[in-house]
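Below is one structure; the comments refer to it alone.
All values below were derived from every heavy atom in this structure, side-chain atoms included, with hydrogens, water molecules and symmetry-related copies excluded.
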Amino acid sequence: MTGIVQNLWLVPALPILAAGIIALAKQRNRVFAASLAIGSMTLSFLLSLCAFAHVLWLSHRGEAELQVVNFRWFQFGNEWLRLGWMLNPLTAVMLLMVTFVGLLIFIYSIGYMAHDENFTRFFCFLALFAGAMLGVVIANSLLLLFMCWELVGLTSYLLIGFWYHNPRAAAAAKKAFIVTRIGDLAFFLGMAWLYAQTGTLLFYDNGAGCLEHTALASLVAQTTILGLTASTGIALLIFCGAAGKSGQVPLHVWLPDAMEGPTPVSALIHAATMVAAGVFLIARIYPLMSASLMSAHTGMALPLHPTVALQVVTWVGAITAVFGAIIAVAHYDIKRILAYSTISQLGYMMMGLGVGGVAVGMFHLLTHAFFKALLFLGAGSVIHGCSGEQDIRRMGGLRKLMPITFATYAVGMLALCGFPLFFSGFWSKDAILHAAHTWSVSQVPFHLGAFGALLTAFYMTRQVYYVFGGSSRLAGASHASPHASTTPRESAAVMTIPLLILASFAMLLGLIGTPAWPWLQAFLDGQPTALHFSAFANVYLLTVMLSSSLLVFLGLGLGWWFYGRKPMEDSQKAGAMPDAMPDAVEQLQPRIFAVLNHSFYVDELYAATLLRLNAGWASVCDWLDRWVWNGAVQTVSHLALGLAWADDFVDTRIVNAGFDEGCQSVSRGGQILALLQGGQVQSYLRRIGFALIALAVFLLWGARG
């Protein structure tokens with residue numbers, strides 16, 4: 001085994017160590033903190049490059065690409081609990097993406113957080129966040145993955161609530177922490193169930209791992225409630241944890257509120273770390289998700305018919321993809337729009353895993369990491385240039401004032417929309433749609449995904465016209481907003497250079513997954529690949545490509561029709577303030593727009609149902625605690641006090657009093673006897689004399705009678 005595999009643990013350990021050292025530094029050591037955090041990520045990136053090259057070399061030689069290092073952690077009874085790390089194509093690709101994108105975000109943060117008084121603490125949390133995510137990636141044990149997973153949750157709480165003096169940021173941090181814990185509870189139950197059934201939490205262990213043939217065969221052979229196999233039940237529980245981290249409906253509500261944190265945090269969460277962790281988890285345990293009687297006995301990577309677990313993943317992903325996209329149409333916060341876009345794209349990734357497998361879902365995860373990091377950092381550049389303003393209605397005209405930000409943001413926007421041929425999002429999104437089009441269960445996920453693609457192009461065009469089109473509306477909003485500035489300016493090079501690098505990858509990365517050269521898919525599946533332009537002759541593929549392209553053009557055209565034809569500032573010239581300017585879609589359907597602007601009132605629904613139920617149950621628990629349990633305790637207490645009083649009364653008034661009275665009687669008797677036994681003979685003779693006289697009198701008196 002090579003040195004890079006033996007020392008792979010250094011990849012997450014270096015940022016975590018850097019975070020620990022920075023935590024001991026003083027706040028004024030800003031250069032030291034940034035240098036240490038960026039230096040640790042640079043070293044992790046170089047190690048990741050070595051790991052990636054090693055896997056490529058193994059693949060070229062046709063050798064086994066999976067290498068693991070397992071070790072004993074601690075012993076309980078006669079059993080040893082073991083942990084470990086692993087290196088395979090999936091790990092290598094994820095390590096490369098997380099370290100590279102994370103490094104660019106770290107560098108960008110120098111400029112964005114330059115004036116923040118807690119600059120040092122920020123880089124401490126960033127380094128810990130990145131290290132935790134890298135630990136998730138290399139883990140060969142579900143337990144080790146879960147520990148790093150929870151560390152990701154902790155650091156997300158610290159970073160979302162970084163500006164803790166802002167009540168909204170503090171509330172958002174708590175919301176993210178609590179909502180993701182709901183999914184993590186199910187994750188933990190699934191992990192415990194898996195250990196109970198297989199006796200191990202190691203993924204791979206020379207044939208004895210929980211993702212290897214023997215364990216999977218035993219899991220699919222066991223039937224649980226509703227006729228589901230144990231593998232399905234465990235997979236669904238673990239998927240709940242993934243749904244919480246990756247913002248799937250209905251556990252998505254924390255993700256939009258997470259925008260209260262600094263923008264680099266948003267980029268790191270939405271691109272390379274937290275939300276990607278859920279998708280990666282499903283990819284990691286894919287053998288368990290796809291396990292069926294057929295696959296367990298034949299060793300096939302994919303069952304002929306999708307398992308229940310994969311169907312659930314597909315449907316949840318498809319619904320989430322449309323749900324996030326349609327809400328993004330009606331929001332005005334530049335970061336919140338991107339947040340709902342992330343929810344939508346995460347839905348696409350889950351759908352890709354369900355209908356097409358690991359390669360399809362991970363391809364979109366990788367491309368999304370680059371163009372979504374680009375969009376969030378571009379939004380941060382806009383916010384920075386506009387002195388903290390985030391309402392797109394108060395912007396406008398930034399195309400000329402911030403040309404680099406505009407150009408790179410446009411690249412990210414087109415990649416997200418899936419603009420044909422020249423942008424990475426087109427190839428990864430089409431791979432998902434093509435797989436959904438051929439899904440044997442239903443065509444509905446395909447239609448939902450296609451509709452989501454149309455909406456994506458529309459709301460991103462809307463956002464770009466609001467922010468960069470027309471002329472600046474900041475002057476009209478300056479007195480209405482404490483953040484507004486009338487002189488937007490381009491960001492410094494430390495912020496724009498990462499944007500340019502990310503923009504180049506947002507365009508070029510798709511080339512590794514085209515139908516003509518599906519290198520990434522072949523690499524992840526461990527198969528050889530070659531360049532075949534004949535793949536474009538596939539009728540179904542061409543149909544999907546043409547359909548998706550038309551939908552993108554339709555979305556772009558609708559966006560131009562509603563927001564590009566009539567510049568926004570025309571309404572402002574008519575006397576309307578930016579905040580009061582009606583949105584074009586709002587004018588068309590005000591009631592529907594209001595529902596979308598309030599995100600389908602999901603938060604209000606949760607507040608009126610689950611939160612109220614929780615509050616009601618808390619009141620019931622409080623009542624039970626105060627009047628039932630506390631009453632029982634008080635009753636027992638009073639009973640004990642009563643018994644103690646009775647015991648004291650009996651002891652004091654009866655036992656002690658009787659004993660004292662007896663003692664006093666004995667004492668008095670002793671005193672009387674003491675008088676009779678004074679030790680003087682004269683007294684004794686005198687008493688005898690008196691006694692004789694008394695006796696004689698008595699006898700004489702009796703004789704007379």
Quiz question: by atom type and distance under 3.5 Å, do the side chains of [X] and [Y] form a donor-acceptor pair?
{"X": "His331", "Y": "Ser599", "value": "yes"}
{"X": "His364", "Y": "Gln345", "value": "yes"}
{"X": "Thr120", "Y": "Arg28", "value": "no"}
{"X": "Gln463", "Y": "Tyr332", "value": "no"}
{"X": "Lys372", "Y": "Ser341", "value": "yes"}
{"X": "Trp163", "Y": "Asp116", "value": "yes"}

Determine whether more than 12 heavy atoms belonging to other residues, nucleotides or ligands lie under 6.0 Å from atom [atom1] of [X].
{"X": "Glu117", "atom1": "CD", "answer": "no"}
{"X": "His165", "atom1": "NE2", "answer": "yes"}
{"X": "Tyr164", "atom1": "OH", "answer": "no"}

Tell me, do [X] and [Y] make a side-chain contact under 4.5 Å, heavy atoms counted?
{"X": "Thr99", "Y": "Met133", "value": "no"}
{"X": "Ser344", "Y": "Thr320", "value": "no"}
{"X": "Leu151", "Y": "Met147", "value": "no"}
{"X": "Phe371", "Y": "Leu502", "value": "no"}
{"X": "Tyr195", "Y": "Leu142", "value": "no"}
{"X": "Val585", "Y": "Phe458", "value": "yes"}
{"X": "Leu159", "Y": "Pro262", "value": "no"}
{"X": "Ile383", "Y": "Glu389", "value": "no"}

Taking atom [atom1] of [X] and atom [atom2] of [Y], what is their separation to the nearest 0.5 Å?
{"X": "Phe323", "Y": "Gln248", "atom1": "CZ", "atom2": "CD", "result": "11.5 Å"}
{"X": "Phe187", "Y": "Glu150", "atom1": "CZ", "atom2": "CD", "result": "8.0 Å"}
{"X": "Met97", "Y": "Leu365", "atom1": "CE", "atom2": "CG", "result": "5.0 Å"}
{"X": "Leu448", "Y": "Trp315", "atom1": "CG", "atom2": "CH2", "result": "7.0 Å"}
{"X": "Gln27", "Y": "Cys124", "atom1": "CD", "atom2": "SG", "result": "9.5 Å"}
{"X": "Leu90", "Y": "Met362", "atom1": "CG", "atom2": "CE", "result": "5.0 Å"}

Original post:
Is Arg121 close enough and on-axis enough to Phe162, meaning under 6.0 Å and within 45°, for cation-pi?
Top reply: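 Yes.
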Subject >> Stacked cation flag Arg462 on Phe593, 6.0 angstrom / 45 deg >> reply: no
Verify the ring-centre separation between [Y] and [X]: is it less than 6.0 angstrom?
{"X": "Tyr340", "Y": "Tyr459", "result": "no"}
{"X": "Trp254", "Y": "Phe177", "result": "no"}
{"X": "Phe119", "Y": "Phe123", "result": "yes"}

Original post:
Going through the distances and angles, do Ile21 and Phe32 end up as a side chain to side chain contact (heavy atoms under 4.5 Å, CB included)?
Top reply: CA-CA 10 Å; Ile21 296 174; Phe32 170 76; 3.8 Å; yes
One thing to verify: whether [Y] and [X] come together as a salt bridge, which I'm taking to mean a side-chain N less than 4.0 angstrom from a carboxylate O.
{"X": "Asp333", "Y": "Lys335", "value": "no"}
{"X": "Arg336", "Y": "Asp391", "value": "no"}
{"X": "Lys245", "Y": "Asp184", "value": "yes"}

Original post:
Would you say Thr232's side chain and Leu228's backbone share a donor-acceptor pair under 3.5 angstrom?
Top reply: no
**OP:** Anything under 30° is parallel, anything over 60° is perpendicular, the rest tilted; go ahead and classify Tyr112 against Tyr108.
**Re:**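 Tyr112 and Tyr108: parallel rings.
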Original post:
Where does the angle between the aromatic ring planes of Trp9 and Trp85 fall among parallel (under 30°), tilted (30 to 60°) and perpendicular (over 60°)?
Top reply: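 Rings of Trp9 and Trp85: tilted, as their planes differ by 30° to 60°.
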